[in-house]
Amino acid sequence: MSAIGVLALQGAFREHEDVLSDLGAECFEIRKRADLDRPMDGLVIPGGESTVMGKLIRDMGMAGPLRAKIEGGMPVLGTCAGMILLAEDVVGGTSCLGTMPVTVRRNAYGRQLGSFSARGNFCGREIPLEFIRAPAVASVGEGVSVLCEHDGLPVAVRYGNQIATAFHPELTDDRTVHSMFLGEL
Amino acid sequence: MADQSRYGLNKELAQMLKGGVIMDVTTPEQARIAEEAGACAVMALERIPADIRAAGGVSRMSDPKMIKGIQDAVSIPVMAKCRIGHFVEAQILEAIEIDYIDESEVLSPADDVYHIDKTAFKVPFVCGARDLGEALRRIGEGASMIRTKGEPGTGDVVQAVSHMRAMNRQIAELGAIRDDEVYEYAKQFQVPLDLARYVHENGRLPVVNFAAGGIATPADAALMMQLGADGVFVGSGIFKSGNPAKRAAAIVRAVTDYNDPEVLAEVSEDLGEAMVGINKDEIDKLENISMAERGQ
(Lines give C-alpha, C1' and ligand atoms only; values in the text may rest on other atoms or scores of the structure.)
Protein backbone atom coordinates (compact mmCIF):
# COMPACT_ATOMS: atom_id res chain seq x y z
CA MET A 1 0.00 0.00 0.00
CA SER A 2 1.21 3.52 -0.79
CA ALA A 3 1.64 6.18 1.88
CA ILE A 4 0.69 9.72 0.92
CA GLY A 5 1.92 12.66 2.99
CA VAL A 6 -0.71 15.39 3.16
CA LEU A 7 0.61 18.81 4.11
CA ALA A 8 -1.53 19.69 7.16
CA LEU A 9 -0.41 23.17 8.20
CA GLN A 10 -3.70 24.93 7.39
CA GLY A 11 -6.71 24.54 5.11
CA ALA A 12 -8.76 21.67 3.73
CA PHE A 13 -6.30 18.80 4.27
CA ARG A 14 -8.83 16.42 5.85
CA GLU A 15 -10.96 16.52 2.69
CA HIS A 16 -7.99 15.18 0.70
CA GLU A 17 -7.33 12.48 3.30
CA ASP A 18 -10.96 11.35 3.05
CA VAL A 19 -10.79 11.06 -0.74
CA LEU A 20 -7.43 9.26 -0.70
CA SER A 21 -8.55 6.81 2.01
CA ASP A 22 -11.70 6.20 0.02
CA LEU A 23 -9.49 5.23 -2.94
CA GLY A 24 -7.52 2.81 -0.76
CA ALA A 25 -4.40 4.91 -0.15
CA GLU A 26 -2.83 5.29 3.26
CA CYS A 27 -2.33 8.91 4.40
CA PHE A 28 -0.46 10.71 7.10
CA GLU A 29 -0.33 14.38 8.03
CA ILE A 30 2.79 16.48 7.59
CA ARG A 31 2.66 18.96 10.47
CA LYS A 32 6.35 19.50 11.13
CA ARG A 33 9.70 19.11 9.46
CA ALA A 34 10.37 15.71 11.06
CA ASP A 35 7.23 14.31 9.40
CA LEU A 36 9.03 14.71 6.06
CA ASP A 37 11.47 11.97 7.09
CA ARG A 38 8.73 9.33 7.11
CA PRO A 39 8.58 6.96 4.12
CA MET A 40 6.39 8.64 1.55
CA ASP A 41 5.29 7.70 -1.97
CA GLY A 42 3.42 10.87 -2.81
CA LEU A 43 2.66 14.36 -1.54
CA VAL A 44 -0.53 16.44 -1.48
CA ILE A 45 -0.56 20.21 -0.94
CA PRO A 46 -4.16 21.18 -0.18
CA GLY A 47 -6.30 24.29 -0.56
CA GLY A 48 -6.36 26.95 2.13
CA GLU A 49 -4.68 30.34 2.30
CA SER A 50 -1.39 30.25 0.38
CA THR A 51 0.03 33.15 2.42
CA VAL A 52 -0.50 31.20 5.65
CA MET A 53 0.88 27.90 4.37
CA GLY A 54 3.81 29.66 2.66
CA LYS A 55 4.78 31.42 5.87
CA LEU A 56 4.55 28.24 7.95
CA ILE A 57 6.57 26.26 5.36
CA ARG A 58 9.32 28.88 5.54
CA ASP A 59 9.21 29.31 9.34
CA MET A 60 9.41 25.57 9.90
CA GLY A 61 12.29 25.13 7.47
CA MET A 62 10.26 22.84 5.25
CA ALA A 63 10.76 24.59 1.89
CA GLY A 64 14.14 22.98 1.14
CA PRO A 65 13.19 19.38 2.00
CA LEU A 66 9.86 19.67 0.14
CA ARG A 67 11.58 21.09 -2.93
CA ALA A 68 14.17 18.30 -2.83
CA LYS A 69 11.48 15.63 -2.72
CA ILE A 70 9.54 17.14 -5.63
CA GLU A 71 12.67 17.72 -7.72
CA GLY A 72 13.70 14.16 -6.90
CA GLY A 73 10.60 12.95 -8.73
CA MET A 74 8.05 12.37 -5.97
CA PRO A 75 4.50 12.60 -7.36
CA VAL A 76 2.78 15.71 -6.00
CA LEU A 77 -0.77 17.04 -6.26
CA GLY A 78 -1.39 20.71 -5.44
CA THR A 79 -4.91 22.15 -5.39
CA CYS A 80 -5.74 25.89 -5.35
CA ALA A 81 -3.34 27.27 -2.70
CA GLY A 82 -1.24 24.16 -3.42
CA MET A 83 -0.93 25.27 -7.05
CA ILE A 84 0.21 28.73 -5.92
CA LEU A 85 2.86 27.19 -3.64
CA LEU A 86 4.23 25.04 -6.50
CA ALA A 87 4.32 27.89 -9.05
CA GLU A 88 7.60 29.45 -10.10
CA ASP A 89 6.01 32.89 -10.46
CA VAL A 90 3.12 34.39 -8.53
CA VAL A 91 1.68 37.66 -9.84
CA GLY A 92 1.54 40.09 -6.92
CA GLY A 93 2.96 37.56 -4.49
CA THR A 94 6.05 35.56 -3.71
CA SER A 95 6.89 32.12 -4.99
CA CYS A 96 7.22 29.47 -2.28
CA LEU A 97 8.45 26.12 -3.64
CA GLY A 98 8.76 27.26 -7.25
CA THR A 99 9.11 23.77 -8.70
CA MET A 100 6.60 24.19 -11.54
CA PRO A 101 7.36 26.55 -14.45
CA VAL A 102 4.00 28.34 -14.50
CA THR A 103 2.88 31.85 -13.64
CA VAL A 104 -0.26 32.04 -11.51
CA ARG A 105 -2.42 34.96 -10.50
CA ARG A 106 -3.96 34.80 -7.01
CA ASN A 107 -7.65 35.61 -6.54
CA ALA A 108 -7.96 35.78 -10.32
CA TYR A 109 -11.77 35.67 -10.20
CA GLY A 110 -12.07 38.29 -7.45
CA ARG A 111 -13.53 37.96 -3.99
CA GLN A 112 -15.95 35.33 -2.67
CA LEU A 113 -18.79 36.66 -4.87
CA GLY A 114 -16.62 35.57 -7.82
CA SER A 115 -16.37 31.95 -6.60
CA PHE A 116 -18.26 29.55 -8.88
CA SER A 117 -19.04 25.96 -9.87
CA ALA A 118 -18.60 24.72 -13.42
CA ARG A 119 -17.94 21.57 -15.41
CA GLY A 120 -14.92 21.00 -17.57
CA ASN A 121 -13.12 18.48 -19.71
CA PHE A 122 -10.25 16.95 -17.72
CA CYS A 123 -8.21 14.68 -20.02
CA GLY A 124 -11.28 13.67 -22.00
CA ARG A 125 -13.60 13.28 -19.05
CA GLU A 126 -16.21 15.79 -17.94
CA ILE A 127 -15.79 16.58 -14.25
CA PRO A 128 -17.22 19.13 -11.77
CA LEU A 129 -14.97 22.11 -11.01
CA GLU A 130 -15.27 24.10 -7.77
CA PHE A 131 -13.46 27.43 -7.79
CA ILE A 132 -13.14 29.15 -4.38
CA ARG A 133 -11.39 32.54 -4.57
CA ALA A 134 -9.36 30.62 -7.09
CA PRO A 135 -6.06 31.40 -8.80
CA ALA A 136 -5.62 31.24 -12.57
CA VAL A 137 -2.67 30.10 -14.64
CA ALA A 138 -1.50 33.17 -16.54
CA SER A 139 1.19 31.40 -18.56
CA VAL A 140 2.89 28.02 -18.76
CA GLY A 141 6.56 27.28 -19.35
CA GLU A 142 8.21 24.62 -21.46
CA GLY A 143 7.27 21.03 -20.66
CA VAL A 144 4.01 21.94 -18.93
CA SER A 145 0.90 20.27 -20.34
CA VAL A 146 -2.61 21.60 -19.83
CA LEU A 147 -5.00 18.97 -18.44
CA CYS A 148 -8.12 21.12 -18.26
CA GLU A 149 -9.24 24.55 -19.41
CA HIS A 150 -12.07 26.83 -18.37
CA ASP A 151 -13.01 29.94 -20.36
CA GLY A 152 -9.81 29.61 -22.37
CA LEU A 153 -7.56 29.59 -19.28
CA PRO A 154 -5.63 26.54 -18.06
CA VAL A 155 -7.08 25.40 -14.71
CA ALA A 156 -5.22 22.10 -14.36
CA VAL A 157 -1.62 21.57 -15.44
CA ARG A 158 1.02 18.93 -15.30
CA TYR A 159 4.79 19.14 -15.27
CA GLY A 160 6.43 15.72 -15.01
CA ASN A 161 5.61 14.36 -11.57
CA GLN A 162 3.65 17.48 -10.56
CA ILE A 163 -0.11 17.94 -11.03
CA ALA A 164 -1.76 21.21 -10.04
CA THR A 165 -5.38 22.39 -10.20
CA ALA A 166 -6.89 25.83 -9.63
CA PHE A 167 -10.15 24.11 -8.59
CA HIS A 168 -10.90 21.75 -5.70
CA PRO A 169 -11.33 18.09 -6.74
CA GLU A 170 -11.39 17.16 -3.01
CA LEU A 171 -14.73 18.95 -2.56
CA THR A 172 -16.71 16.90 -5.08
CA ASP A 173 -17.59 13.22 -5.38
CA ASP A 174 -15.64 12.86 -8.61
CA ARG A 175 -12.39 10.94 -8.11
CA THR A 176 -10.79 11.51 -11.54
CA VAL A 177 -7.99 13.85 -10.43
CA HIS A 178 -7.03 11.87 -7.33
CA SER A 179 -7.11 8.60 -9.30
CA MET A 180 -4.73 10.08 -11.86
CA PHE A 181 -2.43 11.20 -9.04
CA LEU A 182 -2.47 7.76 -7.38
CA GLY A 183 -1.77 6.20 -10.78
CA GLU A 184 1.57 8.03 -10.78
CA LEU A 185 2.87 6.25 -7.68
CA MET B 1 -32.50 28.04 -0.14
CA ALA B 2 -32.33 30.49 -3.04
CA ASP B 3 -29.27 28.95 -4.64
CA GLN B 4 -27.88 25.66 -3.39
CA SER B 5 -24.68 25.91 -5.42
CA ARG B 6 -23.91 29.36 -3.99
CA TYR B 7 -24.53 28.03 -0.48
CA GLY B 8 -22.16 25.14 -1.22
CA LEU B 9 -19.43 27.52 -2.39
CA ASN B 10 -19.90 29.60 0.76
CA LYS B 11 -19.56 26.58 3.04
CA GLU B 12 -16.47 25.60 1.04
CA LEU B 13 -14.75 28.95 1.64
CA ALA B 14 -15.13 28.28 5.39
CA GLN B 15 -13.51 24.86 4.82
CA MET B 16 -10.49 26.62 3.32
CA LEU B 17 -10.14 28.74 6.49
CA LYS B 18 -9.89 25.68 8.74
CA GLY B 19 -6.79 25.36 10.87
CA GLY B 20 -6.39 29.11 10.63
CA VAL B 21 -6.71 32.28 12.68
CA ILE B 22 -9.09 35.11 11.79
CA MET B 23 -7.96 38.38 13.35
CA ASP B 24 -9.85 41.57 14.22
CA VAL B 25 -8.21 44.62 12.65
CA THR B 26 -9.18 48.28 12.69
CA THR B 27 -6.72 49.79 10.17
CA PRO B 28 -5.00 48.77 6.90
CA GLU B 29 -1.71 48.75 8.82
CA GLN B 30 -3.05 46.25 11.36
CA ALA B 31 -4.47 44.18 8.48
CA ARG B 32 -1.03 43.98 6.89
CA ILE B 33 0.54 42.97 10.21
CA ALA B 34 -2.13 40.25 10.57
CA GLU B 35 -1.59 38.95 7.02
CA GLU B 36 2.19 38.85 7.44
CA ALA B 37 1.79 37.05 10.77
CA GLY B 38 -0.22 34.32 9.01
CA ALA B 39 -3.88 35.25 9.52
CA CYS B 40 -6.12 33.24 7.16
CA ALA B 41 -8.64 36.13 7.09
CA VAL B 42 -9.22 39.44 8.83
CA MET B 43 -12.33 40.94 10.42
CA ALA B 44 -12.52 44.65 9.59
CA LEU B 45 -14.13 46.73 12.30
CA GLU B 46 -13.83 50.25 13.67
CA ARG B 47 -13.52 49.23 17.29
CA ILE B 48 -12.43 45.90 18.69
CA PRO B 49 -14.83 44.32 21.20
CA ALA B 50 -12.84 45.46 24.27
CA ASP B 51 -13.24 49.07 23.17
CA ILE B 52 -16.90 48.60 22.23
CA ARG B 53 -17.43 47.30 25.75
CA ALA B 54 -15.55 50.25 27.27
CA ALA B 55 -17.29 52.86 25.12
CA GLY B 56 -20.84 51.61 25.68
CA GLY B 57 -23.66 53.12 23.58
CA VAL B 58 -24.95 51.70 20.30
CA SER B 59 -22.42 49.85 18.23
CA ARG B 60 -23.04 49.56 14.47
CA MET B 61 -21.58 48.27 11.20
CA SER B 62 -18.24 49.91 10.34
CA ASP B 63 -17.81 52.69 7.76
CA PRO B 64 -17.67 51.02 4.30
CA LYS B 65 -14.74 53.27 3.37
CA MET B 66 -12.74 51.93 6.30
CA ILE B 67 -13.58 48.35 5.26
CA LYS B 68 -12.56 49.04 1.65
CA GLY B 69 -9.22 50.40 2.87
CA ILE B 70 -8.61 47.05 4.52
CA GLN B 71 -9.78 45.11 1.43
CA ASP B 72 -7.20 47.05 -0.60
CA ALA B 73 -4.43 46.38 1.92
CA VAL B 74 -4.52 42.56 1.96
CA SER B 75 -5.01 39.59 -0.38
CA ILE B 76 -6.64 37.26 2.19
CA PRO B 77 -10.44 37.16 2.76
CA VAL B 78 -11.94 40.18 4.55
CA MET B 79 -14.93 39.78 6.84
CA ALA B 80 -17.06 42.47 8.50
CA LYS B 81 -19.80 42.58 11.11
CA CYS B 82 -23.40 43.67 10.85
CA ARG B 83 -25.92 43.92 13.68
CA ILE B 84 -28.19 40.97 14.43
CA GLY B 85 -31.30 41.34 12.27
CA HIS B 86 -29.99 44.37 10.36
CA PHE B 87 -30.41 43.08 6.82
CA VAL B 88 -29.71 46.48 5.28
CA GLU B 89 -26.26 46.63 6.87
CA ALA B 90 -25.78 43.17 5.33
CA GLN B 91 -26.93 44.47 1.92
CA ILE B 92 -24.34 47.25 2.18
CA LEU B 93 -21.58 44.79 3.06
CA GLU B 94 -22.60 42.60 0.11
CA ALA B 95 -22.50 45.66 -2.16
CA ILE B 96 -18.83 46.25 -1.29
CA GLU B 97 -18.14 42.54 -1.96
CA ILE B 98 -17.15 41.52 1.52
CA ASP B 99 -15.98 37.88 1.66
CA TYR B 100 -17.93 36.93 4.81
CA ILE B 101 -20.50 38.75 6.96
CA ASP B 102 -20.50 38.16 10.71
CA GLU B 103 -24.05 38.73 12.00
CA SER B 104 -22.64 39.53 15.38
CA GLU B 105 -23.75 39.87 18.97
CA VAL B 106 -20.69 42.09 19.50
CA LEU B 107 -22.64 44.93 17.88
CA SER B 108 -25.94 46.19 19.33
CA PRO B 109 -28.79 43.99 18.05
CA ALA B 110 -31.07 45.79 15.56
CA ASP B 111 -33.95 43.32 15.94
CA ASP B 112 -34.94 41.64 19.18
CA VAL B 113 -36.91 38.85 17.46
CA TYR B 114 -35.66 38.09 13.96
CA HIS B 115 -32.23 37.24 12.63
CA ILE B 116 -31.39 38.06 9.01
CA ASP B 117 -32.78 35.71 6.35
CA LYS B 118 -29.32 34.81 5.14
CA THR B 119 -30.65 32.71 2.25
CA ALA B 120 -31.55 35.99 0.52
CA PHE B 121 -27.84 36.83 0.11
CA LYS B 122 -25.05 35.63 -2.15
CA VAL B 123 -22.26 36.43 0.30
CA PRO B 124 -21.70 33.97 3.14
CA PHE B 125 -22.56 34.54 6.79
CA VAL B 126 -20.93 33.36 10.00
CA CYS B 127 -23.01 33.46 13.19
CA GLY B 128 -22.28 32.93 16.87
CA ALA B 129 -23.81 30.04 18.82
CA ARG B 130 -23.64 29.02 22.48
CA ASP B 131 -25.10 25.57 21.91
CA LEU B 132 -26.35 23.19 19.24
CA GLY B 133 -29.84 24.71 19.19
CA GLU B 134 -28.54 28.20 18.38
CA ALA B 135 -26.14 26.76 15.79
CA LEU B 136 -28.84 24.80 13.93
CA ARG B 137 -31.26 27.73 14.00
CA ARG B 138 -28.59 29.99 12.45
CA ILE B 139 -27.73 27.34 9.82
CA GLY B 140 -31.46 26.99 9.11
CA GLU B 141 -31.52 30.75 8.43
CA GLY B 142 -28.66 30.30 5.95
CA ALA B 143 -25.41 30.68 7.93
CA SER B 144 -22.58 28.78 6.21
CA MET B 145 -20.17 28.92 9.16
CA ILE B 146 -20.63 28.89 12.95
CA ARG B 147 -18.46 30.17 15.78
CA THR B 148 -18.82 30.04 19.54
CA LYS B 149 -19.93 33.32 21.03
CA GLY B 150 -17.58 33.33 23.98
CA GLU B 151 -17.70 36.61 25.86
CA PRO B 152 -16.07 39.02 23.40
CA GLY B 153 -13.68 41.74 24.51
CA THR B 154 -12.92 40.15 27.85
CA GLY B 155 -9.71 38.20 27.24
CA ASP B 156 -11.41 35.48 29.29
CA VAL B 157 -11.74 32.16 27.46
CA VAL B 158 -14.16 30.52 29.92
CA GLN B 159 -17.31 31.25 27.91
CA ALA B 160 -15.87 29.97 24.63
CA VAL B 161 -14.83 26.78 26.42
CA SER B 162 -18.26 26.31 27.91
CA HIS B 163 -19.97 26.92 24.54
CA MET B 164 -17.68 24.49 22.73
CA ARG B 165 -18.19 21.81 25.36
CA ALA B 166 -21.97 22.31 25.30
CA MET B 167 -21.97 21.98 21.51
CA ASN B 168 -19.87 18.80 21.55
CA ARG B 169 -21.97 17.22 24.31
CA GLN B 170 -25.24 17.98 22.53
CA ILE B 171 -23.92 16.66 19.20
CA ALA B 172 -22.98 13.40 20.96
CA GLU B 173 -26.41 13.21 22.63
CA LEU B 174 -28.24 13.78 19.35
CA GLY B 175 -26.08 11.10 17.75
CA ALA B 176 -26.93 8.61 20.47
CA ILE B 177 -30.73 8.78 20.36
CA ARG B 178 -32.88 6.42 18.29
CA ASP B 179 -33.84 7.43 14.73
CA ASP B 180 -37.50 7.72 15.72
CA GLU B 181 -36.64 10.18 18.51
CA VAL B 182 -35.17 12.85 16.23
CA TYR B 183 -38.60 14.46 15.52
CA GLU B 184 -39.21 15.05 19.20
CA TYR B 185 -35.66 16.34 19.63
CA ALA B 186 -36.15 18.85 16.81
CA LYS B 187 -39.43 19.98 18.35
CA GLN B 188 -38.01 20.31 21.84
CA PHE B 189 -34.89 22.24 20.79
CA GLN B 190 -36.73 24.27 18.13
CA VAL B 191 -34.36 23.33 15.31
CA PRO B 192 -35.05 22.37 11.67
CA LEU B 193 -35.73 18.63 11.36
CA ASP B 194 -33.43 18.09 8.36
CA LEU B 195 -30.51 19.66 10.24
CA ALA B 196 -31.22 17.61 13.38
CA ARG B 197 -31.22 14.52 11.14
CA TYR B 198 -27.90 15.52 9.58
CA VAL B 199 -26.23 15.86 12.99
CA HIS B 200 -27.84 12.61 14.19
CA GLU B 201 -26.42 10.73 11.19
CA ASN B 202 -23.02 12.41 10.80
CA GLY B 203 -22.08 13.29 14.37
CA ARG B 204 -21.05 16.82 13.43
CA LEU B 205 -22.40 20.17 12.29
CA PRO B 206 -23.00 20.50 8.54
CA VAL B 207 -20.72 23.58 8.49
CA VAL B 208 -17.32 24.58 9.86
CA ASN B 209 -17.26 25.60 13.54
CA PHE B 210 -14.66 28.09 14.83
CA ALA B 211 -13.96 29.23 18.38
CA ALA B 212 -14.35 32.90 19.27
CA GLY B 213 -14.54 35.15 22.29
CA GLY B 214 -11.87 35.82 24.89
CA ILE B 215 -8.97 34.01 23.15
CA ALA B 216 -5.82 35.92 24.18
CA THR B 217 -2.83 33.53 24.19
CA PRO B 218 -1.38 30.69 22.06
CA ALA B 219 -2.43 28.34 24.87
CA ASP B 220 -6.04 29.60 24.67
CA ALA B 221 -6.07 28.99 20.92
CA ALA B 222 -4.63 25.47 21.28
CA LEU B 223 -7.12 24.71 24.06
CA MET B 224 -10.02 25.53 21.73
CA MET B 225 -8.48 23.42 18.95
CA GLN B 226 -8.03 20.44 21.28
CA LEU B 227 -11.68 20.86 22.28
CA GLY B 228 -12.59 20.37 18.62
CA ALA B 229 -12.72 23.85 17.07
CA ASP B 230 -11.93 23.98 13.34
CA GLY B 231 -10.01 27.26 13.79
CA VAL B 232 -10.12 30.43 15.91
CA PHE B 233 -11.14 34.06 15.79
CA VAL B 234 -8.97 36.40 17.84
CA GLY B 235 -10.63 39.72 18.52
CA SER B 236 -9.17 42.08 21.05
CA GLY B 237 -6.44 39.64 22.09
CA ILE B 238 -3.85 40.66 19.48
CA PHE B 239 -3.96 44.39 19.00
CA LYS B 240 -4.69 45.02 22.72
CA SER B 241 -1.47 43.25 23.66
CA GLY B 242 2.12 44.46 24.04
CA ASN B 243 3.59 42.97 20.84
CA PRO B 244 0.81 42.34 18.29
CA ALA B 245 2.95 40.99 15.42
CA LYS B 246 4.73 38.46 17.61
CA ARG B 247 1.59 37.39 19.47
CA ALA B 248 -0.32 37.03 16.18
CA ALA B 249 2.37 34.78 14.68
CA ALA B 250 2.52 32.74 17.90
CA ILE B 251 -1.24 32.14 17.87
CA VAL B 252 -1.09 31.09 14.20
CA ARG B 253 1.61 28.55 15.03
CA ALA B 254 -0.36 27.35 18.08
CA VAL B 255 -3.39 26.61 15.91
CA THR B 256 -1.29 24.50 13.51
CA ASP B 257 0.64 22.71 16.28
CA TYR B 258 -2.15 22.61 18.86
CA ASN B 259 -1.23 19.06 19.88
CA ASP B 260 2.48 19.69 20.36
CA PRO B 261 3.23 21.09 23.86
CA GLU B 262 6.91 21.64 23.01
CA VAL B 263 6.05 23.97 20.15
CA LEU B 264 3.39 25.63 22.30
CA ALA B 265 5.99 26.26 25.03
CA GLU B 266 8.39 27.73 22.49
CA VAL B 267 5.89 30.12 20.90
CA SER B 268 4.47 31.20 24.26
CA GLU B 269 7.83 32.61 25.36
CA ASP B 270 8.48 36.30 25.62
CA LEU B 271 5.26 37.59 24.08
CA GLY B 272 5.10 40.67 26.28
CA GLU B 273 1.96 41.78 28.02
CA ALA B 274 -1.29 39.93 27.19
CA MET B 275 -4.48 41.98 27.06
CA VAL B 276 -5.58 42.83 30.58
CA GLY B 277 -9.06 41.41 30.32
CA ILE B 278 -12.19 41.48 32.40
CA ASN B 279 -14.06 38.38 33.50
CA LYS B 280 -17.71 37.43 33.33
CA ASP B 281 -18.31 37.87 37.08
CA GLU B 282 -16.90 41.38 36.90
CA ILE B 283 -19.14 42.09 33.92
CA ASP B 284 -22.15 41.03 35.97
CA LYS B 285 -21.00 43.14 38.93
CA LEU B 286 -20.42 46.19 36.77
CA GLU B 287 -23.74 45.59 35.06
CA ASN B 288 -21.77 45.59 31.83
CA ILE B 289 -23.29 43.84 28.80
CA SER B 290 -23.21 40.09 28.36
CA MET B 291 -22.89 39.93 24.58
CA ALA B 292 -23.25 36.14 24.50
CA GLU B 293 -26.88 36.38 25.58
CA ARG B 294 -27.77 38.43 22.51
CA GLY B 295 -29.52 36.60 19.64
CA GLN B 296 -30.66 33.15 20.69
Side-chain angles (χ1 to χ4, degrees), chain A residues 7-16 29-35 46-60 62 79-82 84 90-94 105-118 128-135 167-168 170-172, chain B residues 3-22 32 34-42 71 74-79 93-101 121-125 144 204 208 230-231 248-250 252-253 255-260 262-263 267:
Chain A
L7 194 68
L9 303 178
Q10 191 269 325
F13 46 86
R14 204 157 307 135
E15 288 77 352
H16 277 287
E29 294 182 352
I30 301 168
R31 291 183 165 273
K32 46 175 168 292
R33 195 183 161 145
D35 294 330
E49 275 305 316
S50 61
T51 51
V52 182
M53 283 190 257
K55 177 182 195 296
L56 291 166
I57 286 173
R58 280 189 293 272
D59 288 358
M60 295 183 185
M62 286 165 72
T79 59
C80 194
I84 297 169
V90 181
V91 178
T94 39
R105 201 165 61 242
R106 290 184 60 212
N107 304 332
Y109 303 92
R111 304 183 189 283
Q112 175 62 5
L113 281 175
S115 294
F116 62 101
S117 305
L129 312 172
E130 292 286 285
F131 293 92
I132 312 290
R133 284 177 50 99
F167 54 90
H168 291 276
E170 77 282 13
L171 298 179
T172 69
Chain B
D3 181 352
Q4 274 302 334
S5 111
R6 175 56 50 184
Y7 185 60
L9 292 164
N10 287 341
K11 286 205 289 189
E12 287 165 4
L13 175 57
Q15 283 173 270
M16 296 306 140
L17 301 175
K18 283 190 302 178
V21 183
I22 300 167
R32 273 188 289 267
E35 182 176 43
E36 274 162 32
C40 68
V42 290
Q71 286 176 314
V74 295
S75 63
I76 55 180
V78 177
M79 303 183 167
L93 292 173
E94 181 168 74
I96 62 169
E97 296 199 27
I98 204 75
D99 290 300
Y100 241 96
I101 296 175
F121 290 81
K122 283 188 178 149
V123 284
F125 281 80
S144 43
R204 59 178 187 82
V208 164
D230 289 316
V252 168
R253 191 66 197 276
V255 166
T256 293
D257 284 309
Y258 63 93
N259 263 329
D260 189 333
E262 279 173 33
V263 173
V267 301

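Throughout, a chain's letter reflects where its sequence line sits, starting with A, and its residues are numbered from 1.
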[X], part contacting chain B, at a heavy-atom distance under 4.5 Å:
| X | answer |
| --- | --- |
| A:Ser117 | both |
| A:Phe13 | neither |
| A:Leu56 | side chain |
| A:Glu170 | side chain |
| A:Leu9 | both |

Measure from the side-chain N and O atoms of [X] to the backbone N and O of [Y], and report whether any donor-acceptor pair falls under 3.5 Å.
| X | Y | value |
| --- | --- | --- |
| A:Glu49 | B:Gly38 | no |
| A:Arg31 | B:Asp257 | no |
| B:Glu35 | A:Val52 | no |

**Message:** Set out, in order, the CA-CA distance, both residues' side-chain angles and the distance that settles side-chain contact (heavy atoms from CB on, under 4.5 Å) for A:Met60 and B:Thr256, then state yes or no.
**Reply:** CA-CA 11 Å; A:Met60 295 183 185; B:Thr256 293; 4.0 Å; yes

**Request:** Quick one: do B:Gln15 and A:His168 satisfy side-chain contact (heavy atoms from CB on, under 4.5 Å)? Show the steps, please.
**Result:** CA-CA 11 Å; B:Gln15 283 173 270; A:His168 291 276; over 6 Å; no

**Check ion pair B:Glu262-A:Lys32 (N to O, under 4.0 angstrom)** =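 A:Lys32 and B:Glu262: not salt-bridged.
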
**Message:** Do the side chains of A:Asp59 and B:Arg253 get close enough for a salt bridge, i.e. N-O under 4.0 angstrom?
**Reply:**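 Salt bridge between A:Asp59 and B:Arg253, a charged N being under 4.0 Å from a carboxylate O: no.
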
Which atoms of [X] are under 4.5 Å from chain A, going by heavy atoms: the side chain, the backbone, both sets, or neither?
| X | answer |
| --- | --- |
| B:Tyr258 | side chain |
| B:Ala41 | neither |
| B:Gln71 | both |

**Prompt:** Do you know which of B:Ile98, B:Asn10, B:Val123 makes side chain to side chain contact (heavy atoms under 4.5 Å, CB included) with A:Gln112?
**Reply:**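 Of all the options given, the one that passes is B:Asn10.
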
**Request:** Considering only heavy atoms and a distance below 4.5 Å, find which of A:Arg14, A:Arg111, A:Arg106 pairs most often with chain B.
**Result:**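 With the most close heavy-atom pairs to chain B, the winner is A:Arg111.
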
**Message:** Is the shortest side-chain heavy-atom distance between A:Leu171 and B:Met16 below 4.5 Å?
**Reply:**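 They are in contact (side-chain heavy atoms under 4.5 Å apart), so the answer is yes.
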
**Message:** Using side-chain heavy atoms (C-beta onward) and a distance below 4.5 Å, is B:Leu13 in contact with A:Ser115?
**Reply:**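 No. Closest side-chain heavy atoms not under 4.5 Å.
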
**Prompt:** For the atom pair CD (B:Glu12) and OG1 (A:Thr172), what is the distance rounded to the nearest 0.5 Å?
**Reply:**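 Between B:Glu12 CD and A:Thr172 OG1, I get 9.0 Å after rounding to 0.5 Å.
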
**Prompt:** Among B:Ala37, B:Ala39, B:Pro77, which residue forms the greatest number of heavy-atom pairs with chain A at distances under 4.5 Å?
**Reply:**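 Of B:Ala37, B:Ala39, B:Pro77, B:Pro77 has the most heavy-atom pairs under 4.5 Å with chain A.
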
**Message:** Show the nearest heavy-atom pair for residues B:Ser75 and A:Thr51, with the distance to one decimal.
**Reply:**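 For B:Ser75 versus A:Thr51, the nearest heavy atoms are OG-CG2, 4.1 Å.
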
**Message:** Show the nearest heavy-atom pair for residues B:Lys122 and A:Leu113, with the distance to one decimal.
**Reply:**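 Residues B:Lys122 and A:Leu113, closest heavy atoms: CB-CD2, 3.5 Å.
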
